[in-house]
Number of protein chains: 2
Amino acid sequence: MSYRILLVDDEPDILEILGYNLKKEGYEVFMAEDGLQAIVQAKKHKPHLIVMDVMMPNMDGIEACIKIRETPELSKTIITFLSARSEDYSQISGLNAGADDYLTKPVRPRVLLSKVKSLLRRLEDISTEKPQVFKDITIDPNKYKVLKGGVEIKFAKKEFKLLQLLFSNIGKVFTRDEIMNTIWGTDVFVGDRTIDVHIRKLREKLGNNVIETIKGVGYRLSE
Amino acid sequence: MSYRILLVDDEPDILEILGYNLKKEGYEVFMAEDGLQAIVQAKKHKPHLIVMDVMMPNMDGIEACIKIRETPELSKTIITFLSARSEDYSQISGLNAGADDYLTKPVRPRVLLSKVKSLLRRLEDISTEKPQVFKDITIDPNKYKVLKGGVEIKFAKKEFKLLQLLFSNIGKVFTRDEIMNTIWGTDVFVGDRTIDVHIRKLREKLGNNVIETIKGVGYRLSE
DNA sequence: TTAATGATTTAACACAACCTTAACATTTTC
DNA sequence: GAAAATGTTAAGGTTGTGTTAAATCATTAA
């Protein structure tokens, strides 16, 4: 599979030049001309890497970056800013906004390529949350994917998180409190039955012999 | 409970960027700008993890690390160094000083986060209760699991607690009072036969040669 | 924007496991 | 052999979980 890269800049010339070079290297390239488009494209294509200008009409790069960072499914996306050499300010606030790196304009295609390469290598290192296997079930946190007997089963966000928690320590009993704190956080109040309902959903999809109830204690993957 | 992290670096910008990212992930972050401050902050907040630059004014990271390691109450604290890429020397001597890991500067927030996560996971593993073994019986508090001859036997909550108590000190006689206080607490009143009934359940499941009655005193695991 | 779809939470009730008790039996101690 | 301590059994009562449907909330598409 090739990596997906989203280029964001308000100058079509730059998009074209950089895009051409990235495509030539085998990357899948998407483009956007402002922050708003960037967000739409990001959600649509789930790029591994976003290279984004800071100064843009409609919505600047910083703001777009913050919005993107708020999207859970894009949390692993690497964001790199392009900024004019002198705008040191933007570098700092860009990093504050959750960017991983920045490049100074004007960008040499050759420089961009080597940067892109090293950033994507980093992604490989980080996405080291290895797929977990239990019985005939495989859960891959990176791809947000669950296979049972080789067949993909779809899970909603909360369901997936819950499943991920149970898989994070196979066999361990997770108390309702632990589950609560992990999935909902400490300052959210949801009723007691909510957890059961989610457990039920998981059982519905995975079968009844996977998640075991320990009454008065919690739940675990049953070996 | 969230983890506490102490960041130590003499560059406020770095503190700010890394601190921001760690806080965003839900960690409690403290900061210090040199080794002396680091020691003060460490003693004050008992962080789970310290991320510390090597080169600093007043007292460098190596020395601070040694001092911290000498403090008994901080013995479990994980210490990670930050060092410029080329300073191989400091990496070696840092690890000699009792550091657990190191990162090379410049540090990408994303890299730090994944590192922090994996280091703290190490902490969790240490703190988990280890399975106890007696005769052909294994009890694993974490998984809430009891094996006899390799076969799992299920226990209800109170039963499990009682068994856990007996296993907590194999061979020791536990008086009815001790059992009462441990399983039911001091402000709950249950009849005298209740304990017997629970002991009976355990014997039913584990066989009669495991739990011994010392009449007038209590119960124990019999060798 | 609104509509429509899907995800999440709530509420009400059903159900089963668990715990405790009480009554009586058995064993141990003196 | 009587008293004291513990063992046994089965019957409620209690509690925690399962289930369902409907209500709310969030997201996507139109």
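A quick note: this is a predicted structure, and the numbers were derived from the prediction, not measured. Chain A is the first sequence line, chain B the second, and so forth, proteins listed ahead of strands; every chain is numbered from 1.
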Nearest-angstrom distance from the residue atom [atom1] of [X] to [atom2] of [N]:
X      : N      : atom1 : atom2 : result
A:N208 : D:dT19 : CG    : C1'   : 12 Å
A:I211 : D:dT17 : CD1   : C1'   : 14 Å
B:I214 : D:dT6  : CD1   : P     : 11 Å

Side-chain N or O of [X] versus OP1/OP2 of [N]: is the shortest distance under 4.0 Å?
X      : N      : answer
B:R176 : D:dT6  : yes
B:Y219 : D:dA5  : no
A:T213 : D:dG18 : yes
B:R203 : D:dG7  : yes

Please tell me which of B:G216 and A:G218 maps to the more 5' nucleotide of DNA chain D, matching each residue to the nucleotide holding its nearest heavy atom.
B:G216
Taking five pairs at each end of the helix from C:dT1-D:dA30 to C:dC30-D:dG1, what angle separates the two helix axes (nearest 10°)?
30°
Heavy-atom side-chain contact between A:F30 and A:L7 under 4.5 Å
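No, their side chains stay 4.5 Å or more apart.
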Quick check: closest heavy atoms across [X] and [Y], and the distance to 0.1 Å?
X      : Y      : result
B:K46  : B:R4   : O-NH2, 2.9 Å
B:E178 : B:K172 : OE2-NZ, 2.9 Å
B:F155 : B:K205 : CE2-CD, 3.6 Å
B:K157 : A:V217 : CG-CG2, 4.0 Å
A:D140 : A:F160 : O-CZ, 3.9 Å
B:I211 : B:R203 : O-NH2, 3.1 Å

Need two values: the first and the last nucleotide of DNA chain C, 5' to 3', having an atom under 4.0 Å from any heavy-atom of chain A.
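Contacts span C:dA7 to C:dC18, reading 5' to 3'.
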B:E152, CD atom: more than 12 neighbouring heavy atoms under 6.0 Å
yes
Quick check on A:K135: does its NZ atom have over 12 non-hydrogen neighbours (other residues, nucleotides or ligands) under 6.0 Å away?
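Enclosed.
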Contact check, residues 192-202 of chain A vs DNA chain C, heavy-atom distance under 4.0 Å, returns A:R193, A:T194, A:V197, A:H198, A:K201
Checking the side chain of B:K148 only, and the main-chain atoms of B:I137 only, is there a donor and an acceptor separated by less than 3.5 Å?
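No; judged by distance alone, with no hydrogens or angles, the pair does not exist.
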Near DNA chain D, which residues from residues 154-161 of chain B have a heavy atom under 4.0 Å away?
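Close to the strand, none.
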Can you list every ring pair (Phe, Tyr, Trp, His ring centres under 6.0 Å) pair that touches residues 168-211 of chain B, not counting sequence neighbours?
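Found B:W184-B:H198.
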Under the side-chain hydrogen bond (donor to acceptor under 3.5 Å, both in side chains) definition, can you give me all pairs with a residue in residues 27-38 of chain A, not counting sequence neighbours?
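For residues 27-38 of chain A: A:D34-A:N58.
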Look up atom CD1 in A:I14 and atom CG in A:L82, then write down how far apart they are to the nearest 0.5 Å.
7.5 Å
